[in-house]
2 protein chains.
Amino acid sequence: MPERKRDVSLHDVARLAGVGIGTASRVISGRGSVSEATRRKVEEAVSALNYRPNSLARAMRSDQSHIIAFMQPDLLNEFYDVSADVIHRACVAAGYQMVITSSLTAEEEWESFRWLADYRIDGIIHVPLSPTLPLPVTMPIVQLNRVSAHRPINAVLADERGGFDELTTYLLQQGHRDVLVIIGEEHHSSTQFRLQGVRDAVARYQDVRLRVSAGEFTREWGYQAMNVAVEELPHAVIASSPRIASGVIQALNEMELRVPEDISVVSFDDPDWFSFWGPGMTTLVPPLHDMSARAVDWLTRLIDGEEIASDIVHLPCTLRIRGSVGNR
Amino acid sequence: MPERKRDVSLHDVARLAGVGIGTASRVISGRGSVSEATRRKVEEAVSALNYRPNSLARAMRSDQSHIIAFMQPDLLNEFYDVSADVIHRACVAAGYQMVITSSLTAEEEWESFRWLADYRIDGIIHVPLSPTLPLPVTMPIVQLNRVSAHRPINAVLADERGGFDELTTYLLQQGHRDVLVIIGEEHHSSTQFRLQGVRDAVARYQDVRLRVSAGEFTREWGYQAMNVAVEELPHAVIASSPRIASGVIQALNEMELRVPEDISVVSFDDPDWFSFWGPGMTTLVPPLHDMSARAVDWLTRLIDGEEIASDIVHLPCTLRIRGSVGNR
DNA sequence: TTGTATGCGTTATCAC
DNA sequence: GTGATAACGCATACAA
C-alpha cells in the first residue's frame with residue numbers, strides 16, 4: 001500500500017500563518033469574524049501553500065455537498081440533452097455543481113439512489129425509469145418529464161394530454177379520419193397521458209377510426225408498426241417520439257409512400273432533423289427549457305428548507321406546424 | 001440552523017451487535033478476519049438498523065471515491081451521448097460509479113478540475129475544451145476525442161487524419177475536382193488533423209481545387225459557408241460535423257440543389273438521421289465505442305497504480321458509403 | 001479474533 | 001477576536 005501523501009490541510013495553513021486552526025477556518029469558510037490583519041496573514045499562507053479545502057471533510061461536517069444530481073434513464077436519448085444543459089446552467093447559477101448519472105435498469109436506479117444518498121448529495125432531479133420504484137425519503141427529489149407512482153411526489157411534466165389533444169385535433173381539422181398512433185411502453189406515465197389526449201380529441205368527432213400500436217420508444221418499433229398498418233393505409237400517423245418517427249419514415253421510404261401526399265405524419269419533441277427532413281415535421285414540442293428550469297428552482301428551494309407542498313405541475317406544449325400534414 | 005439528525009453509524013451497529021467498532025468495521029468493509037458468529041451478529045444489526053456506510057467518511061479515510069468523472073464540453077452535442085453511455089457501462093462493470101460533468105468555458109473547465117479534485121474523485125475521462133488549459137497532476141486523466149497541448153498526456157483519439165484522407169480520396173476517385181471543406185474552430189486539435197487528412201489526399205491528385213471554410217461547429221456556420229460557396233458551386237462538400245452538415249443541407253434545400261445530382265456531400269460521425277435523410281449520408285464514422293472503452297480501461301489501470309507510459313492512441317475510422325456522393 | 005485508540009480535514013462550541 | 005477541543009463516521013495499527 002502506497003503511503004498516503006498527506007494533503008495540505010488547515011493545520012498547515014494555520015501553522016504557517018501563526019494562528020490557531022479555528023481562526024484559519026473562519027477566514028476560509030467566511031463565517032465568524034476575524035481581524036483584517038490576521039485575515040491577510042491567513043490568506044497569504046493559503047496561496048503560499050496552494051491550499052484547497054477538502055470537500056469530503058467539509059461535506060461530512062456540514063452535511064452539505066453543494067452538488068445536485070440529474071438522474072436519467074438513457075444517456076443515448078438526445079431528448080435529455082437539452083434538459084441536462086438547462087439544469088446544468090441553472091445549477092451553476094444557483095451555486096451548485098451538477099452531475100449526471102444514469103441507470104439502465106430498475107436495480108441500477110435503486111442503486112443510484114443509494115450511492116447518491118451515501119455521498120450526501122444535496123438533491124436529485126429524477127427522470128424515473130421504473131414507475132413503481134420506492135423513493136428515498138432522506139433527500140429532496142423533483143421528478144422531471146415522467147412521474148412515478150410514489151406519493152407524495154414533486155414533479156414537473158409537460159401537459160402531454162392537452163398537447164396530444166391539440167395535435168390530434170389539428171389532424172382531424174385537416175380532414176383525416178383514419179389515424180394510427182404509435183406509442184411506446186404502456187406503463188410509462190407519459191404514454192398514458194398521450195393516449196388519453198388523442199382519445200379526448202377523437203371523442204369530439206364522428207366516424208373516426210383510431211388504431212393504437214403500443215410497443216417501445218424505438219426506431220425498430222416505429223418501423224414495424226408502420227409496416228403492419230400499411231395494409232390499410234391510415235390517413236395520418238402520430239409517432240409519439242422522434243425515434244418512432246424515424247422508423248415510420250424509414251418504412252414509408254421503402255414503400256415509396258410520400259409525405260404528405262399519400263399519408264400525413266406528426267410527432268412529438270423536436271430534434272434538429274425534423275426541420276430539414278423532407279417536408280419538415282409537424283410536431284408537438286414540450287417546453288423542455290421551462291420544465292428543467294422550474295425543476296431546478298423547485299429543488300433548490302427544497303434544499304434550502306422551504307416548506308413547499310408536494311405537487312405535480314403540467315406545463316403546456318407547443319404545436320409546431322411544418323409540412324408533414326396534408327389536406328383531405 | 002436545523003439540528004443535525006445523526007446518521008446510523010458504525011457505532012450504533014457495533015453497540016447493537018455487542019461488539020467493538022473495529023470489529024463491525026471489519027465485517028462491513030470485508031477486510032481482516034472475523035469469526036462466523038460475530039459476523040452474523042453484525043450483519044443482523046446492520047439490517048436491523050438499516051445501516052449504510054457513509055461514503056464521505058469512507059472516501060476521506062481511504063482516499064478512494066470509486067467514482068470516475070466524464071468531463072465533456074457540451075451537453076447539447078449528441079456526439080458525446082454514445083461515449084457517455086459506453087463509459088458508463090464500462091465504469092459500472094469495473095466497479096465504479098460514473099458521473100458526467102460539463103464546462104461551458106475554459107474557466108468553468110478549470111473550476112471543474114478543482115472541485116473534482118477537492119472531492120477526491122478517482123479519475124477523469126476528459127474531452128478538453130480549452131486546448132491550452134493546464135491539467136491537474138494530482139489525479140489520473142485520460143483525454144478522449146480531443147487532446148490538449150499539455151504534455152505528457154494520455155489520450156484516445158480517432159485517426160481523423162487518416163480517415164479524412166480516405167474520405168477525400170473517395171471523393172476524388174468519384175471524379176470530383178472542386179471540393180469545399182467546412183470545418184469548425186481551428187484551434188481544436190481535431191480540426192487540424194481533419195484538414196491535414198484532406199490535404200494529404202488532395203496532394204496525391206492533379207488539378208484539384210480545394211476551398212477551406214473555417215468557422216464553428218454549428219449549423220449556422222454550415223449554412224453560411226455553403227451560401228457563400230454557392231456562387232461557384234463546388235463538386236463536393238465535406239461537412240466536418242453533423243451540425244455543419246445540417247446547415248449545408250438547409251442551404252441546399254433552399255436553393256433547390258439536389259444531392260447527389262447537383263452536388264455531393266459527405267460528413268463525419270453518424271447520427272441517426274444520416275441514414276434516412278434524402279439519399280443517405282456518406283460519412284466517416286469514428287470508432288466511438290472502442291475509443292470510450294479503451295479510455296476507461298486505461299484510466300482504471302492508472303487508478304490501480306499501474307505504471308503506464310503516457311501515450312496518444314489513434315484508432316481507425318470507418319467510411320460508411322450511402323447515397324450522397326455522385327459520379328463525375 | 002477482538003477491542004481501543006488514533007487520525008483523516010473540517011466546522012462548531014466554548015472558554016479566554 | 002482568538003485558540004484549544006470536541007465532534008463527524010470510518011479505517012487501521014496495535015495491544016490484548
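Nothing here was measured: the structure is a model prediction, and the numbers come from that model. Labels below follow one simple rule: chain letters A, B, ... track the order of the sequence lines, proteins then strands, and each chain is numbered from 1.
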Write down the distance between [atom1] ([X]) and [atom2] ([N]), rounded to a whole number of angstrom.
{"X": "Gln64(B)", "N": "dC8(C)", "atom1": "CD", "atom2": "P", "result": "18 Å"}
{"X": "Arg120(A)", "N": "dG9(D)", "atom1": "CZ", "atom2": "P", "result": "8 Å"}
{"X": "Arg40(A)", "N": "dT2(D)", "atom1": "CZ", "atom2": "C1'", "result": "18 Å"}
{"X": "Asp63(B)", "N": "dC10(D)", "atom1": "CG", "atom2": "P", "result": "17 Å"}
{"X": "Ile21(A)", "N": "dT5(D)", "atom1": "CD1", "atom2": "C1'", "result": "10 Å"}
{"X": "Tyr119(B)", "N": "dC8(C)", "atom1": "OH", "atom2": "P", "result": "21 Å"}
{"X": "Met60(B)", "N": "dT10(C)", "atom1": "CE", "atom2": "C1'", "result": "7 Å"}

Can you find an N or O donor on one side and an acceptor on the other, under 3.5 Å apart, linking the side chain of Arg58(A) with the base of dT10(C)?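 A donor-acceptor contact between them is absent.
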Distance criterion of 3.5 Å, no angle test: do you see the side chain of Arg61(B) paired donor-to-acceptor with the base of dG9(D)?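 Per atom types, no contact qualifies.
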Side chain of [X]: nearest nucleotide among [options]?
{"X": "Val34(B)", "options": "dT2(D), dT2(C), dT12(D)", "value": "dT2(C)"}
{"X": "Pro53(A)", "options": "dT2(C), dT10(C), dG9(C)", "value": "dT10(C)"}
{"X": "Ser25(A)", "options": "dC10(D), dG3(D), dT11(C)", "value": "dT11(C)"}
{"X": "Asn54(B)", "options": "dT2(D), dA13(D), dC10(D)", "value": "dC10(D)"}
{"X": "Thr38(B)", "options": "dC10(D), dA11(D), dT2(C)", "value": "dT2(C)"}
{"X": "Arg31(A)", "options": "dT10(C), dG9(C), dA12(C)", "value": "dA12(C)"}
{"X": "Arg26(A)", "options": "dG3(D), dT5(D), dG9(C)", "value": "dG3(D)"}
{"X": "Ala57(A)", "options": "dA13(D), dT11(C), dT10(C)", "value": "dT10(C)"}

Between [Y] and [X], is there a salt bridge with N-O shorter than 4.0 Å?
{"X": "Asp7(B)", "Y": "Arg120(A)", "result": "yes"}
{"X": "Arg301(A)", "Y": "Asp297(A)", "result": "yes"}
{"X": "Arg40(A)", "Y": "Glu44(A)", "result": "no"}

Check: Thr191(B)/Glu185(B) side-chain N/O donor and acceptor closer than 3.5 Å: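 Side chains of Thr191(B) and Glu185(B): no pair found under 3.5 Å.
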So, is Ser62(B) near the phosphate of dA11(D), with a side-chain N or O under 4.0 Å from OP1 or OP2?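 So the side chain of Ser62(B) is outside the cut-off, no N or O lying under 4.0 Å from OP1 or OP2 of dA11(D).
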Looking at Ser35(A), I'd like to know whether one of its side-chain N or O atoms comes within less than 4.0 Å of OP1 or OP2 on dT2(D).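 For dT2(D), OP1/OP2 do have a side-chain N/O of Ser35(A) under 4.0 Å.
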So if I take residues 9-16 of chain B and measure heavy-atom distances to DNA chain C, which residues fall below 4.0 Å?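 Within this stretch, nothing sits under 4.0 Å of the strand.
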Which residue lies more 5' along DNA chain C, comparing Arg52(A) with Glu36(B) via nearest heavy atoms: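 Result: Glu36(B).
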Are the aromatic rings of His126(A) and Phe113(A) close, with centres under 6.0 Å apart?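 Centroid distance His126(A)-Phe113(A): below 6.0 Å, so yes.
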Starting at NE2 of His187(A), measure out to OG of Ser130(A) and round the result to the nearest 0.5 Å.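 Rounded to the nearest 0.5 Å, the NE2-OG separation comes to 7.5 Å.
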Measure the CG-CE distance between Asp122(A) and Met98(A) for me, rounded to the nearest 0.5 Å.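 So the gap between those two atoms works out to 14.5 Å.
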Residue Arg294(B) excluded, over 12 heavy atoms near CZ under 6.0 Å: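 No, not enclosed.
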